[in-house]
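In the text below, chain A, chain B and the rest are named by the order of the sequence lines, each starting its count at 1. Note that this is a predicted model, so its numbers are computed, not measured.
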Number of protein chains: 2
Amino acid sequence: MRTIWWESGMVKMIDQRLLPGRLEIVAYDDYRDVARAITDMVIRGAPAIGAAGAYGMALAARQSSAQDRDGLLRDLRQAKEVLDAARPTAVNLSWATTRLLKVAERPDLTDVEAIRSALLAEAERVAEEDIAINKRMGAYGAEVIPHGARILHHCNTGSLATVDYGTALGVIRAAHEQGKQIHVWVDETRPRLQGARLTAWELMRDGIPMTLIADNAAGHLMRTGQVDVVLFGADRVAANGDVANKIGTYKLAVCAKENGIPCYAVVPTSTIDLSLPDGDHIPIEERVPEEVTMIDGVRIAPEGVRVYNPAFDITPYRYLTGIITEEGIAYPPFRESLRRLKEAAEARIWSDR
Amino acid sequence: MRTIWWESGMVKMIDQRLLPGRLEIVAYDDYRDVARAITDMVIRGAPAIGAAGAYGMALAARQSSAQDRDGLLRDLRQAKEVLDAARPTAVNLSWATTRLLKVAERPDLTDVEAIRSALLAEAERVAEEDIAINKRMGAYGAEVIPHGARILHHCNTGSLATVDYGTALGVIRAAHEQGKQIHVWVDETRPRLQGARLTAWELMRDGIPMTLIADNAAGHLMRTGQVDVVLFGADRVAANGDVANKIGTYKLAVCAKENGIPCYAVVPTSTIDLSLPDGDHIPIEERVPEEVTMIDGVRIAPEGVRVYNPAFDITPYRYLTGIITEEGIAYPPFRESLRRLKEAAEARIWSDR
C-alpha cells in the first residue's frame with residue numbers, strides 16, 4: 001500500500017483524515033495544495049511528508065512559467081519556503097526540499113525542461129529510497145525484537161507515515177514476517193488518534209496480532225510486566241540523541257526506563273539533524289484547540305475552554321536504548337554513533353548515483 | 001452544587017454522562033436502579049458512589065415489604081450485595097453499605113420503621129460528612145500548594161466525584177479561595193474524558209484559571225518546568241500507601257518523580273483499605289471496548305478491533321510525596337501514617353454520634 005505517488009503530472013496521496021472509515025485518494029496539481037495537505041494532515045508522518053515535499057518541488061517546477069534557469073530557481077526557492085513552512089517539527093520536509101533544490105542548482109542542468117525532468121526523477125528517487133530504507137530499518141530492528149515479544153507502539157509509523165512499509169511499524173512488519181509471534185499494544189495517540197485510526201487499521205489489514213488501548217493504559221501494562229519493548233518513530237533527532245516525536249512519547253520512554261523495558265526510536269537517517277546540539281533546539285508545533293475539544297464534529301469539552309495542544313514532545317537521549325536506522329542501530333554515546341550512521345548514509349546515496 | 005441527595009422518598013443525582021452539554025437530574029425509587037446508575041457511570045467518583053451506596057441502602061429499606069427486623073435485615077444484606085457489585089475498585093461503596101448495614105443491625109432497633117428511619121438518617125449523615133470531610137481535606141491540602149502554583153490534575157475529583165466540593169479539586173478550590181493565584185492543567189482523562197467533560201466544566205463555573213490538555217501532553221509540561229505539583233484522587237489506598245486511581249495516574253506519578261515534582265493523592269480516610277497489604281491486591285475493573293472505540297456514537301477505530309480497557313491502575317507508594325486526608329497528610333512510611341489517620345477518623349465519627 002503506497003501512501004503517496006506521482007501520476008499523470010499530479011501528486012496523489014491517501015487522505016488519511018478519512019481512515020479507517022473511508023479509503024480515498026486525493027490528487028494535487030499545485031504545490032501550494034501539497035503544502036496545505038501537509039499542514040492539514042491529509043498526509044503525515046516524517047518520512048511521508050519528506051516525500052510530499054520532494055514531489056511538491058517537482059510539481060512547482062512543472063507549474064513554473066519561467067523561461068530560463070534563473071527564473072525557475074527563483075520559483076523553486078519560493079516553493080521550498082512555502083513547503084518547509086507547512087509543518088515545523090519534522091526535519092524530513094526541509095531535508096527533502098533541500099535535496100531537490102540542490103539537484104535543480106546542478107551546474108550541468110541549464111535547460112528548464114532538463115531541470116523539471118531531473119526534479120521529478122529525484123522526487124521518485126526520494127520515494128523509492130524511502131521504501132528501501134524502511135526495509136533495511138526493518139531488518140536491523142527485527143534483530144532486537146525477541147520471539148513472542150509484546151511490543152508497545154505509539155502513533156502511526158507505518159506505510160501511512162512513510163511512502164510504504166514504515167519505520168517502527170516496518171520493524172514490527174519485519175519481525176512478524178520472520179514468524180516471531182509478536183503482539184502489538186497500539187495506543188490510540190490522542191489528540192489525533194493516529195494509533196486508533198491508522199495503526200490499528202494497518203495491522204488488522206496485515207493480520208498482525210494487536211490490541212488497542214487508551215494512551216493512559218500504557219503505564220499499567222508496563223508496570224505489570226506485559227510489555228517487552230517500546231517502539232516509536234521520530235520527527236527529528238538532535239546530534240546528542242534527543243528525539244522529537246508525537247506528544248506522549250516522553251511519558252512512555254520515562255515509564256519504559258523505570259520498568260527496565262528496552263525503548264527504541266526508529267528513524268531514517270534523514271530524520272537525524274546534526275545541526276542541532278540537543279532536543280531543546282527542536283521547534284515544537286502547537287496545533288489548534290479543536291483537535292482536543294472536538295472529535296469528528298462532536299464536542300467533548302465545554303464551549304470556550306482554554307486549550308494547550310503541543311503536537312510533539314522531546315524525549316531526552318538517556319531514556320533511549322537505541323536509535324534504529326537504515327545504516328544500523330545507534331547506541332550511546334549517540335553523538336558519535338549518530339554521526340557515523342549519518343555519514344554512512346550520505347556515502348551510500350552518493351555511490352548509488 | 002450537590003451531586004446526589006434524597007428527596008420525596010427518592011435518590012436524585014446529576015446524570016454525569018450528559019455533561020457538559022446538558023445538566024439533567026435523574027430520580028430513582030429502586031436501589032437496583034441506583035446500582036445500575038453506578039455501573040453505567042451516571043454517578044462516578046469514589047466518595048460519590050459511597051454516598052450512592054448509602055442512599056441505595058436507605059432506599060432498599062424503604063422498598064422492603066418485610067414485616068419484621070429479620071426479614072428486613074435479609075433484604076438489606078441482599079441489597080448490599082447488589083450495590084457492592086456495581087463497581088469493584090472503589091472501596092467507598094462497600095465501606096458505605098457496611099456502615100449502613102451495621103446501623104440496621106443495632107440491637108436497640110427492633111421495629112422495621114425505626115430501622116428505615118435510622119438508615120435514611122445515616123445515609124444523610126454519610127453525605128453531610130462527605131462535604132465536611134472534603135472541606136477539611138481542602139484546608140490541609142491547600143497548605144502544600146505554593147502561591148502561584150501550576151497544578152496538574154487527573155480525572156474528575158470535584159463536586160461531581162463527591163457529594164460536593166471535591167477531594168483533589170477540593171484542595172484546588174481551597175487554594176483558590178485563599179487567593180493563591182493558581183492555574184490548573186486539566187488532562188482530558190481518556191477514555192471517558194472526565195477531565196475534559198467534568199473538571200473543565202466545574203473549574204470554568206468557579207472561575208478558577210485552567211487549561212485543558214490531552215493526557216499525552218502532561219509529560220512535556222512536567223519536563224519543561226511548567227508543573228509545580230500533581231494532584232489526583234484515588235479509589236482505594238492499600239495499607240502500604242499504594243493507590244488505585246483512574247487509568248493514567250501511574251504514568252503521571254512516575255513522570256512527576258522523574259522531574260522532582262511533588263505528587264499527592266487526596267482521599268477521605270474511607271478510601272483507605274487497611275485490610276489490603278498492597279496495591280496488587282486491589283481489584284482492577286475492566287470496562288467495555290466501546291469506551292475506547294466510540295465517542296458519543298462516533299466510531300474512532302476500525303470495526304472489530306480488539307481492545308483492552310482497564311479503568312484503573314496502581315501507583316506504588318514510592319511515587320507519592322504524601323496522601324492528603326481529612327485528618328491530615330500522611331507521609332512515608334505510609335503504613336504507620338495511614339493507620340494513625342484512619343484511627344483518628346474512626347474516633348471522630350464515634351465522638352460525633
Side-chain angles (χ1 to χ4, degrees), chain A residues 19-21 185-186 188-191 193 195-197 200-201 204 209-224 246-255 257-258 284 289 291-293 295-310 312-316, chain B residues 19-21 185-186 188-191 193 195-197 200-201 204 209-224 246-255 257-258 280 284 289 291-293 295-310 312-314 316:
Chain A
L19 290 172
W185 297 109
V186 174
E188 62 177 359
T189 318
R190 281 284 290 154
L193 298 164
R197 293 187 191 276
W201 184 75
M204 288 171 79
M210 61 140 295
T211 304
L212 179 65
I213 57 168
D215 300 306
N216 279 333
H220 173 69
L221 289 172
M222 288 196 250
R223 197 190 68 81
T224 54
K246 182 53 53 199
I247 193 77
T249 303
Y250 169 72
K251 276 209 281 186
L252 284 183
V254 169
C255 287
K257 184 160 197 210
E258 187 73 8
I284 298 290
E291 288 189 353
V292 177
T293 59
I295 293 182
D296 282 350
V298 175
R299 172 161 280 281
I300 56 167
E303 291 274 357
V305 69
R306 191 172 144 186
V307 173
Y308 175 56
N309 182 26
F312 302 92
D313 61 22
I314 303 297
T315 299
Chain B
L19 288 172
W185 296 109
V186 175
E188 62 178 359
T189 318
R190 281 283 289 154
L193 297 165
R197 292 187 191 278
W201 184 74
M204 287 170 80
M210 61 141 292
T211 304
L212 179 65
I213 56 168
D215 300 306
N216 278 333
H220 173 69
L221 289 172
M222 288 196 249
R223 196 190 69 81
T224 52
K246 182 53 54 197
I247 193 77
T249 303
Y250 169 72
K251 277 209 282 186
L252 284 183
V254 169
C255 286
K257 185 161 197 211
E258 187 73 6
D280 290 335
I284 298 290
E291 288 189 353
V292 178
T293 59
I295 292 182
D296 283 350
V298 174
R299 171 162 283 279
I300 56 166
E303 292 274 358
V305 69
R306 191 172 146 187
V307 174
Y308 175 56
N309 182 25
F312 302 92
D313 62 21
I314 303 297

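Heavy-atom pairs under 4.5 Å with chain B were tallied for A:Pro191, A:Pro209, A:Ala217; the largest tally goes to A:Ala217. Interface remark: of the candidates B:Glu291, B:Arg197, B:Glu188, B:Glu188 forms the most heavy-atom pairs closer than 4.5 Å to chain A. Among B:Gly297, B:Pro302, B:Pro289, B:Pro310, the residue making the largest number of heavy-atom pairs under 4.5 Å with chain A is B:Pro302. Contact count versus chain B (heavy atoms, under 4.5 Å) is highest, among A:Asp313, A:Asn309, A:Val307, for A:Val307. Contacts with chain B were tallied for A:Tyr308, A:Phe312, A:Trp201, A:Trp185; A:Tyr308 has the most, counting heavy-atom pairs under 4.5 Å.
Remark: side-chain polar atoms of B:Arg190 are paired, donor with acceptor, to backbone N or O of B:Val292 under 3.5 angstrom. Looking only at distances, a side-chain donor or acceptor of A:Lys251 sits under 3.5 Å from a matching main-chain atom of B:Asp215.
Of the atoms belonging to B:Pro20, it is side-chain heavy atoms, and not backbone ones, that fall under 4.5 Å from chain A. At a 4.5 Å heavy-atom cutoff, the contact between B:Met204 and chain A is made by side-chain atoms alone. Only the backbone of B:Glu303 comes within less than 4.5 Å of a heavy atom of chain A; no side-chain atom from C-beta onward does. Of the atoms belonging to B:Pro316, it is side-chain heavy atoms, and not backbone ones, that fall under 4.5 Å from chain A. Contact of A:Ile247 with chain B is made through backbone and side chain together, with heavy-atom distances under 4.5 Å. There is no contact between B:Leu19 and chain A, counting heavy-atom distances below 4.5 Å.
Residues B:Arg223 and A:Thr315 have side chains not in contact (no heavy-atom distance under 4.5 Å, counting atoms from C-beta outward). Counting heavy atoms from C-beta outward, B:Val305 and A:Met210 have side chains that approach closer than 4.5 Å. Using a 4.5 Å heavy-atom cutoff, the side chains of B:Asp296 and A:Arg299 are not in contact.
Between B:Ile300 and B:Ile295, the shortest heavy-atom distance links the atoms CD1-CD1, 3.9 Å. Across every non-hydrogen atom of B:Ala200 and B:Ala196, the tightest pair is CB-O, 3.4 Å.
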Worksheet item: Step by step, would you call B:Met222 with B:Leu252 a side chain to side chain contact (heavy atoms under 4.5 Å, CB included)?
Response: CA-CA 9 Å; B:Met222 288 196 249; B:Leu252 284 183; 3.8 Å; yes
